[in-house]
Amino acid sequence: MRKELISQMSIKDRETRWMREHFTGVQHTTLNPEGPGVVRIHLVPPRPDGDGLSVAILNGQDIIPVGTAWTILLACFIEEVNCYAGRPVSDADVELIMKQTCRAVRKVYPLLSGKRIRGDVYRIMDAFRRIARGETPSEDVPFLSLGDYAPYMRAPHRMDLMVSAMTRGGRWHCNQKCIHCYAAGQPHAEEAELDTDAWKKVIDRCREACIPQLTFTGGEPTLRPDLPELIGYAAWFVTRLNTNGIALTPEYCETLRAASLDSVQITFYSADPAVHNALVGAEGFALTAAGIDNALAAGLNLSVNTPLCTRNRDYRATLEYLHEKGVRYVTCSGLITTGAAALSPSEALQLSTEEIKSVLRDAVEYCYANGMEISFTSPGWVEPEFCEELGISVPSCGACLSNMAVTPGGNVVPCQSWLSSDVLGNLLTDEWAEIWDGAACADRRAESARMLGVCPLRRGERGTCE
């Protein structure tokens, strides 16, 4: 009787029933996890009160709208692929994956041939691989901007977990004292840090909220002895680590790799040891430089970030130094004028817009000539047209849109730099929907979607508010 009833259902009815019964949370898989060319796919279901828009998010970055048929095909394929998680996949396994995928899809679309289903799977996967590598896909794949996707979102793409506070027991708690530290002196700098079990609950809540990417940051996150355990616990996500690199010994890098860390970003101010040490407030140059070497030797996906100011404007020399080490991915930024960076002497060290443009023009020229990839991450510092002229992506503010942050005590704030904002809720005690759809978060999200190219924390040159 049940079989006869199913056979009489329309395609639309079958799709609706399948989505209701099988697609209640984010579906995730990782292709080629050992790299190079790793592709993490998070298939995000539509909001319960939405219009049925699903999206595939690739490596926590590219947003691809997915129709119902592709959603069902992808979800069935992901479920079969995940049966082989943690072990090599043979040609026979691939054949069985495709066979089982076809069987599952034909429960919804009985008239589709196995050949057609297989062909569609290969087309989709080829397109995703190309997009993840920054190549042009052979398919005409639509993309969504953050602004366009904002009304449909149920959570940001990335949550920054500030697992380490700047002070502990009333004393400074970091192995450096950067004069540009945006977290220093902020309201949440003295929160008591959550313990391991509490952070695991935060990670669970992030997964329930359909957030695909986590960044472990601080303070200095490597000061926590349980950091590798937390990263390993978060293996379902795309995971990143932001660090000063001091703790990245060869052994620690291998531990991070074993924990399935996807990428690490090291902050490095200058190839001149005296300049670097002055800006970080410690004799940290040698240890950070060694951390860069060790991360590369361990095969970690590494990027190096440099906050630019008047003392390290010779950025090209730093790029030459990093290129000799084998660093390929670099990012740079203007100063985030909040926390300690909003005070003298830090704020007085800001570069002007014209100075930033001069540094960027030289840096991009060097990177393109030497096979390095560079991004500028400060929205509002230069005109979008200037970035387009240089061929680099236009930076945008994603506060309460693409990214949010959890403070050391579990409070949710618009972003990891916006710590002076009123708390939006607590991830351990409040329902995520109440935080995300609350007036404060929704208003900030709408503003971010409207003004993607402007940072609300941006102050004028040389300390004058814009």
Side-chain angles (χ1 to χ4, degrees), residues 1-29 31 39-58 62-83 95-131 137-155 157 207-212 432-433 436-437 449:
M1 184 63 146
R2 177 178 172 82
K3 184 176 181 180
E4 180 180 347
L5 177 63
I6 292 176
S7 67
Q8 293 175 357
M9 294 170 64
S10 68
I11 294 296
K12 181 66 175 177
D13 290 338
R14 289 194 183 96
E15 291 176 334
T16 300
R17 181 169 182 162
W18 189 95
M19 294 284 284
R20 184 176 64 247
E21 294 180 354
H22 298 277
F23 196 33
T24 56
V26 174
Q27 300 272 20
H28 162 260
T29 197
L31 305 180
V39 183
R40 288 210 182 233
I41 303 170
H42 287 85
L43 187 61
V44 182
R47 290 176 59 103
D49 58 351
D51 67 350
L53 179 70
S54 303
V55 296
I57 300 177
L58 306 184
D62 296 296
I63 313 166
I64 302 172
V66 181
T68 302
W70 265 37
T71 295
I72 293 172
L73 178 60
L74 277 171
C76 291
F77 176 70
I78 288 171
E79 183 175 355
E80 296 303 325
V81 168
N82 287 348
C83 293
E95 180 60 29
L96 186 57
I97 288 171
M98 297 304 298
K99 182 178 180 180
Q100 294 294 94
T101 299
C102 291
R103 180 176 298 172
V105 171
R106 292 186 69 182
K107 291 179 180 178
V108 185
Y109 305 105
L111 298 182
L112 283 182
S113 68
K115 181 179 180 180
R116 167 68 184 276
I117 295 170
R118 287 168 179 262
D120 285 347
V121 169
Y122 285 122
R123 285 172 49 229
I124 295 170
M125 290 303 107
D126 179 68
F128 283 4
R129 287 190 186 94
R130 290 174 182 270
I131 292 168
S138 53
E139 301 286 327
D140 185 15
V141 178
F143 289 84
L144 278 177
S145 69
L146 274 173
D148 291 338
Y149 184 41
Y152 306 101
M153 295 175 70
R154 53 200 296 167
H157 297 163
R207 180 168 179 174
E208 293 167 4
C210 301
I211 297 168
W432 172 250
W436 181 251
D437 293 323

To the nearest 0.5 Å, what is the distance between [atom1] on [X] and [atom2] on [Y]?
X      : Y      : atom1 : atom2 : result
Met19  : Ile72  : CE    : CD1   : 6.5 Å
Ile78  : Cys83  : CD1   : SG    : 12.0 Å
Leu73  : Cys102 : CG    : SG    : 8.5 Å
Leu96  : Glu80  : CG    : CD    : 7.5 Å
His22  : Gln27  : NE2   : CD    : 10.5 Å
Asp120 : Thr101 : CG    : OG1   : 12.0 Å

Under 3.5 Å: donor-acceptor pair, side chain of [X], backbone of [Y]:
X      : Y      : value
Trp432 : Arg154 : yes
Asn82  : His28  : yes
Trp18  : Val105 : no
Arg106 : Leu112 : yes
Arg14  : Tyr109 : no

Minimum heavy-atom distance between [X] and [Y], given as atom pair plus value:
X      : Y      : value
Trp436 : Met153 : NE1-O, 3.0 Å
Leu74  : Ile124 : CD2-CG2, 3.6 Å
Ile57  : Pro212 : CD1-CG, 4.1 Å
Ser138 : Arg130 : N-CD, 3.8 Å
Ser54  : Phe23  : OG-CE2, 3.7 Å
His157 : Ile211 : O-CG2, 3.8 Å

For this session: For the residue pair Ile64 and Val141, establish whether any side-chain heavy-atom pair is separated by less than 4.5 Å.
Result: yes

For this session: Please tell me if the side chains of Leu58 and Arg129 come closer than 4.5 Å, counting only heavy atoms from C-beta onward.
Result: no

For this session: Indicate the ring-plane relationship of Phe128 and Trp70, choosing parallel, tilted or perpendicular according to the 30° and 60° boundaries.
Result: perpendicular

Exercise. Between Ile41 and Met125, is a side-chain contact (heavy atoms from CB on, under 4.5 Å) present by the stated rule, with each step listed?
Worked result: CA-CA 10 Å; Ile41 303 170; Met125 290 303 107; 4.1 Å; yes

For this session: Begin from the C-alpha positions of Val26 and Arg207 and carry the test side-chain contact (heavy atoms from CB on, under 4.5 Å) through to its verdict.
Result: CA-CA 8 Å; Val26 174; Arg207 180 168 179 174; over 6 Å; no

Exercise. So, are Arg118 and Glu95 salt-bridged, with charged N and O less than 4.0 Å apart?
Worked result: yes

Exercise. Salt bridge or not for Arg17 and Glu21, using N-O below 4.0 Å?
Worked result: yes

Exercise. Can Asp13 and Ser10 be counted as having a side-chain donor-acceptor contact under 3.5 angstrom?
Worked result: yes

For this session: Give a yes or no on whether Phe143 atom CZ has more than 12 heavy-atom contacts from other residues, nucleotides or ligands under 6.0 Å away.
Result: yes

For this session: Answer yes or no: does atom CD of Glu79 have more than 12 heavy-atom neighbours from other residues, nucleotides or ligands under 6.0 Å?
Result: no

